[in-house]
Novice: 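Okay, handing you the structure first.
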Number of protein chains: 2
Amino acid sequence: MDEPRPLAPPAARVTIRNVAEDAGVSVAAVSKVMRNAYGVSDALRQKVLESIDRLGYRPSVAARGMRGQTYTLGVLLVEIANPFLPTIYEGIASTAEAAGYKLLMGVGAAKMPLETRLIEQMIDNHMDGLLLIAAQISGRTLERYAQQIPTVVVGHHEPTAASFDTINSNDIEGAKIAVRALLAKGHRDIGMISLGPIAGHEADVAPQREIGFTQAMAAAGLPARIFRFDNLDKARLGKLEAFLKSPDRPRALFVWSDLDGIPLLNMARVMGLRVPEDLALIGYDNSPVAALPLIDLASMDQEGRLMGRMATEALLSRIAGRKVAEHMLIEPHLVARGSF
Amino acid sequence: MDEPRPLAPPAARVTIRNVAEDAGVSVAAVSKVMRNAYGVSDALRQKVLESIDRLGYRPSVAARGMRGQTYTLGVLLVEIANPFLPTIYEGIASTAEAAGYKLLMGVGAAKMPLETRLIEQMIDNHMDGLLLIAAQISGRTLERYAQQIPTVVVGHHEPTAASFDTINSNDIEGAKIAVRALLAKGHRDIGMISLGPIAGHEADVAPQREIGFTQAMAAAGLPARIFRFDNLDKARLGKLEAFLKSPDRPRALFVWSDLDGIPLLNMARVMGLRVPEDLALIGYDNSPVAALPLIDLASMDQEGRLMGRMATEALLSRIAGRKVAEHMLIEPHLVARGSF
DNA sequence: TGTTCTACGTAGAACGGTATACGGAATCGC
DNA sequence: GCGATTCCGTATACCGTTCTACGTAGAACA
C-alpha cells in the first residue's frame, strides 16, 4: 500500500475559468451568459454555450451563493411519515421546477430545536427562500428568521405575521363542513377528537379545527364535547381504545386527522362496533389509506397540491422583492365515504 | 412607494471576521477552533468560543464548501410517499447527527433525468457524500458520479460496483423465507405478484425477489408462476382486480411490496374472498398500514433503521478515505399476521 | 467630422471561509 | 548552552462565482 494520501483529487471540476479559456472570452462574460444578464451579443453567447456544452460545465452552487443567488429553495417538513405531505410536495416541486428553482429538503421530526437548526442550516447554505410545512416553531421565532430569508409557512396559522406569508387550509370552515355533514345525516351526539393538550397554541391546525367544531355545534344548539389525546403519548392507542369503550362516548366523531381517524375506525370495527350505525366518523386530510375500501373513512380534503403551488408562488414573488405579507386560506371539501 | 431597491440588505450576517475581531485573534485562529484543528491553546479556544457564543456566529456552509468540507450529506429518495422510507431515514438521521453531519434531501420521483439532476445538484452544493435510496439510475452512471463524490447506495443491487458501496436487504432470501412460510401452512398453489416488465433489470429489488421466489419453489418441486404489473400503469388496480377474479389464480400469493399487497388484500376482502382461506398473502416492507388490525397483512420486514445506520456508517468511512467498495446484505424477517 | 450614446466586453474586487507557509517562543536532547 | 524540535498563532493565497467599474468600438446625432 502507498502513503495515506490526503484524498486523491477526485476528477477535477470544470470551472467557469476553463469555459472562459475554451471559448476565448473573459470569466465575466461566461458568468453573464449563465445568468442571461444584460450585455452579451448573440455571437458571444453562442461561443460560450458551445464551450459549456462541450466541457459539461455546471456552476458551483456554493460559489454562486457567496455573491449571488443559488436558485435553490429549502423545504422543511414536520416529519417524513405524514401521509398528506406528498401532495403538498408535488405542488411545490412542479411549481419550483417550472420557475427554474431546485429544492432541497430537511426533516424536522416535529422537534423544535431540530427545526430551528434546520432553518439555520438552510440560511447557511444560502438558499434563496424557505418553505416551512407544518412547522412547530413559534411565530416570534419565525419572524426573526424571516427577516434573514424570504419565508412562506404552510399549515401554521399566523394571520398577523408581518415578515412572512402563510398558506393554510380554512380549518375552521373545514370543521364546520364536517359537523354539518354529520348533522345532515341525523347525528346529534357529536364529539371531536383533537390533539393536545400540549401543542395547543392557536397557530396549529388542531385548535383551529376545534374552533370550527365548537362554533358549528353552537349554531345547531348542541353541546360541543372535545376529547384531546397527546400526540407523543406512547399509550395513545390504548387511551383511544378506552375512550371507545366508555359508555358515554359520542355516537359520532369528527376526528382532527386521519392519523387518529384510521386507527379509531380500525379499533371500532375490531371491537365489533358497526360503522356508521354505532359510530359515525369523519376524519381530516383525506390520506390515501382512508380511501381503501376496507377502511372507507370519510375525510376532509385540504387540496394539498394547490397549497403547495400557492405557497411556492408566494415565495417566488417574495424573492422577487415583495415585502408586504400575504395570508391565504384555501377552502377544503368533504370526501364522503361510508363511515358516516 | 419608493424606488425598487435591490433587496434591502437583510440583517448583515455575522462572519468569521467579526468573531476574530471580537476575540482579538486572527481569522485563521477562529477557523481552527471551528474545525478543532491542530494548534490552538485552551486559552485561545476559550476566548474564541465565547465570542462565537456572544455574536451567535454560524459558519457559511457555502463558503466552507469552497475549500473544505460542508459537513452535509445528501440523501436522494425515490419518492416521498413510499411507506418504508421513513424508517431508513430515521437510521440515517440519527447516525449522521451523532457524527456531526447535517442532512439535505432531494426527491427523485422515480424519474431518471430528475435523479441525475439531483445528484449533480448535490455535487454542485459541495456535499461531502451521497446516500441514494432505491435510486433507479443505472450502475454505470452511478460509477461515474461516484468518482466525483463518496457515494453509498441503498435498495439497489450492484454487487460488483467498484467505486461505491451498496447496502441491501437480502431480497433473495427474503422471498425464500416468505415462500417457506406459505409452504409450512400447507399452501402449494403459490404465485408471486411482481413489478414490471419495464423496470426489470436485476439491480432492482423486485427481480431479486423473483429469483428467491423461483428458487424456493423449485426447491419444493413446485412450478413458479409470476405475475407482473406495471408500476406506472394507471389501470393497474383494475388489472389486479381482474387477476383476482380469474379462475386459475393461485390460492396463495407472495407480493413483492405492500404497495401492491395492501390494495390486493383490500380488494379480495371486498370481493368476498376469505383471507387466508380463499387467498393467502404475504407482502414485503412491513409498512405501518399492514399492521392495522383491519388489514392484518403478513409482511417481510427489511430492518430499515439498521439499513440506514449501516449505509451512513459506510458513507462516513468512505469520506474518511476508504477506497475499496463494500457490499452488504441484511437479513430480513417475516412479521407473521393473519393473512396467511 | 467631432461628440455623445449605447452596446458589448473585460479587469479586478468581493464573498466568507479553509489550507498552507512561516515566524517566534518554549521545550527538549546532549 | 546551543541547535533541533514542538507548539502556537498569524499572514496570505486560494476556492469559483458574481458584481462593479471601466474601457472601447461602432452608431447616432449635430
Side-chain angles (χ1 to χ4, degrees), chain A residues 5-7 9-10 12-48 51-52 55-72 120-121 123-128 148, chain B residues 6-7 9-10 12-48 51-52 55-72 120 123-128 148:
Chain A
R5 285 167 294 175
L7 301 179
R13 233 193 120 86
V14 177
T15 77
I16 199 173
R17 251 169 277 271
N18 302 327
V19 176
E21 199 173 340
D22 183 89
V25 299
S26 74
V27 167
V30 179
S31 175
K32 280 189 178 179
V33 171
M34 290 305 297
R35 296 173 288 126
N36 30 29
Y38 173 85
V40 241
S41 65
D42 280 352
L44 184 136
R45 175 188 312 280
Q46 209 48 44
K47 270 197 303 188
V48 171
S51 291
I52 286 176
L55 273 51
Y57 166 72
R58 295 191 319 267
S60 153
V61 178
R64 275 191 148 170
M66 299 209 51
R67 292 214 37 113
Q69 288 188 250
T70 55
Y71 300 98
T72 303
E120 293 179 350
Q121 182 188 349
I123 294 174
D124 299 345
N125 272 80
H126 291 261
M127 297 193 172
D128 291 345
Q148 301 177 47
Chain B
L7 302 177
R13 235 194 120 85
V14 177
T15 77
I16 198 173
R17 256 165 269 272
N18 302 327
V19 176
E21 198 174 340
D22 184 89
V25 299
S26 74
V27 167
V30 180
S31 175
K32 281 190 180 180
V33 170
M34 290 304 298
R35 295 172 287 131
N36 32 34
Y38 173 86
V40 235
S41 67
D42 281 352
L44 183 135
R45 174 187 314 280
Q46 210 50 44
K47 268 196 302 185
V48 171
S51 290
I52 287 176
L55 273 51
Y57 167 70
R58 298 191 318 268
S60 152
V61 178
R64 274 189 145 173
M66 301 210 51
R67 288 210 36 112
Q69 289 186 248
T70 56
Y71 301 97
T72 303
E120 293 178 351
I123 293 175
D124 300 344
N125 272 300
H126 290 260
M127 297 192 170
D128 291 345
Q148 300 177 49

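Residue numbering restarts at 1 for every chain, and letters A, B, ... go by the order of the sequence lines.
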Novice: Nearest heavy-atom pair of B:R58 and A:D124: which atoms, and what distance?
Specialist: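 Reported closest heavy-atom pair: NH2-OD1, 3.0 Å.
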Novice: Looking at B:S60, does any N or O in its side chain come under 4.0 Å of the phosphate oxygens OP1/OP2 on C:dG17?
Specialist: no
Novice: What is the separation between atom CG on A:N18 and atom P on D:dG16, rounded to the nearest whole Å?
Specialist: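 These atoms are roughly 9 Å apart.
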Novice: Return a single string for nucleotides 7-13 of chain D, one symbol per nucleotide in 5' to 3' order, where B is base contact, S is sugar-phosphate-only contact and - is none, cutoff 4.0 angstrom on heavy atoms.
Specialist: SSBBB--
Novice: Ignoring hydrogens, what is the shortest heavy-atom contact between A:R35 and A:R64? Give both atom names and the distance.
Specialist: CG-NH2, 4.4 Å
Novice: In this structure, how many angstroms lie between the P atom of C:dG17 and the OH atom of B:Y71, rounded?
Specialist: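 To the nearest whole Å, that distance equals 14 Å.
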Novice: Given 3.5 Å as the limit, does a donor-acceptor pair link the side chain of B:T70 with the main chain of B:H126, or not?
Specialist: yes
Novice: Round to a whole Å and report the spacing from CZ of A:R17 to P of C:dA11.
Specialist: 12 Å
Novice: Dump the intermediate steps for side-chain contact (heavy atoms from CB on, under 4.5 Å) on B:T72 and B:V61, then the final yes or no.
Specialist: CA-CA 9 Å; B:T72 303; B:V61 178; 4.2 Å; yes
Novice: Which heavy atom of A:A62 sits nearest a heavy atom of B:A62, and at what distance?
Specialist: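 Looking at all heavy atoms of both residues, the shortest contact is O-CB, 3.5 Å.
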Novice: So, does B:R13 get its side chain near the phosphate of C:dC15, meaning an N or O under 4.0 Å from OP1 or OP2?
Specialist: no
Novice: For the atom pair CD (B:Q46) and OG (B:S51), what is the distance rounded to the nearest 0.5 Å?
Specialist: 10.5 Å
Novice: Report the distance from atom CG of B:D22 to atom NZ of B:K47, rounding to the nearest 0.5 Å.
Specialist: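 NZ of B:K47 is found 11.0 Å from CG of B:D22.
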Novice: Rounded to the Å, how far apart are A:M34 CE and D:dG16 P?
Specialist: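 To the nearest whole Å, that distance equals 15 Å.
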Novice: Could you work out how much the helix from C:dT1-D:dA30 to C:dC30-D:dG1 bends, comparing the axis of its first five pairs with that of its last five, to 10°?
Specialist: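 The two end axes of the helix from C:dT1-D:dA30 to C:dC30-D:dG1 meet at 30°.
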Novice: Checking only heavy atoms, does the side chain of A:R64 share a donor-acceptor pair with the base of D:dG16 at less than 3.5 Å?
Specialist: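 No, no donor-acceptor pair under 3.5 Å.
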Novice: Over all heavy atoms of both residues, which pair between A:M34 and A:Y57 is shortest? Give the atoms and the distance, please.
Specialist: SD-CE2, 3.9 Å
Novice: Report the distance from atom CG of A:N36 to atom P of C:dG9, rounded to the nearest whole Å.
Specialist: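 After rounding, the gap between these two atoms is 15 Å.
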Novice: D:dC19 phosphate, OP1 or OP2: any side-chain N/O from A:R35 under 4.0 angstrom?
Specialist: yes
Novice: Write down the distance between CD (A:Q69) and P (D:dT17), rounded to a whole number of angstrom.
Specialist: 16 Å
Novice: Applying the side chain to side chain contact (heavy atoms under 4.5 Å, CB included) criterion to A:S31, which one of A:I16, A:V48, A:V19 satisfies it?
Specialist: A:I16
Novice: With rounding to the nearest 0.5 angstrom, report the OG to CE distance, A:S60 to A:M66.
Specialist: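 Interatomic distance, A:S60 OG to A:M66 CE, rounded to 0.5 Å: 10.0 Å.
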Novice: If every non-hydrogen atom of A:V14 is compared with every non-hydrogen atom of A:L55, which pair is closest and at what distance?
Specialist: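 Nearest pair, atom of A:V14 first, then A:L55: CG2-O, 3.5 Å.
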Novice: Can you tell me the distance, in whole Å, between the CD atom of B:E21 and the P atom of C:dG16?
Specialist: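 That distance rounds to 14 Å.
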Novice: Would you list the protein and nucleotides 26-28 of chain D atom pairs, both N or O, that sit under 3.5 Å from each other?
Specialist:
none

Novice: Work out which heavy atom in B:R17 is nearest to a heavy atom in B:V27; give both atom names and the distance.
Specialist: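 The pair with the smallest heavy-atom distance is CG-CG2, 3.7 Å.
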Novice: How many whole angstroms separate atom CE of A:M66 from atom P of D:dC15?
Specialist: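 After rounding, the gap between these two atoms is 14 Å.
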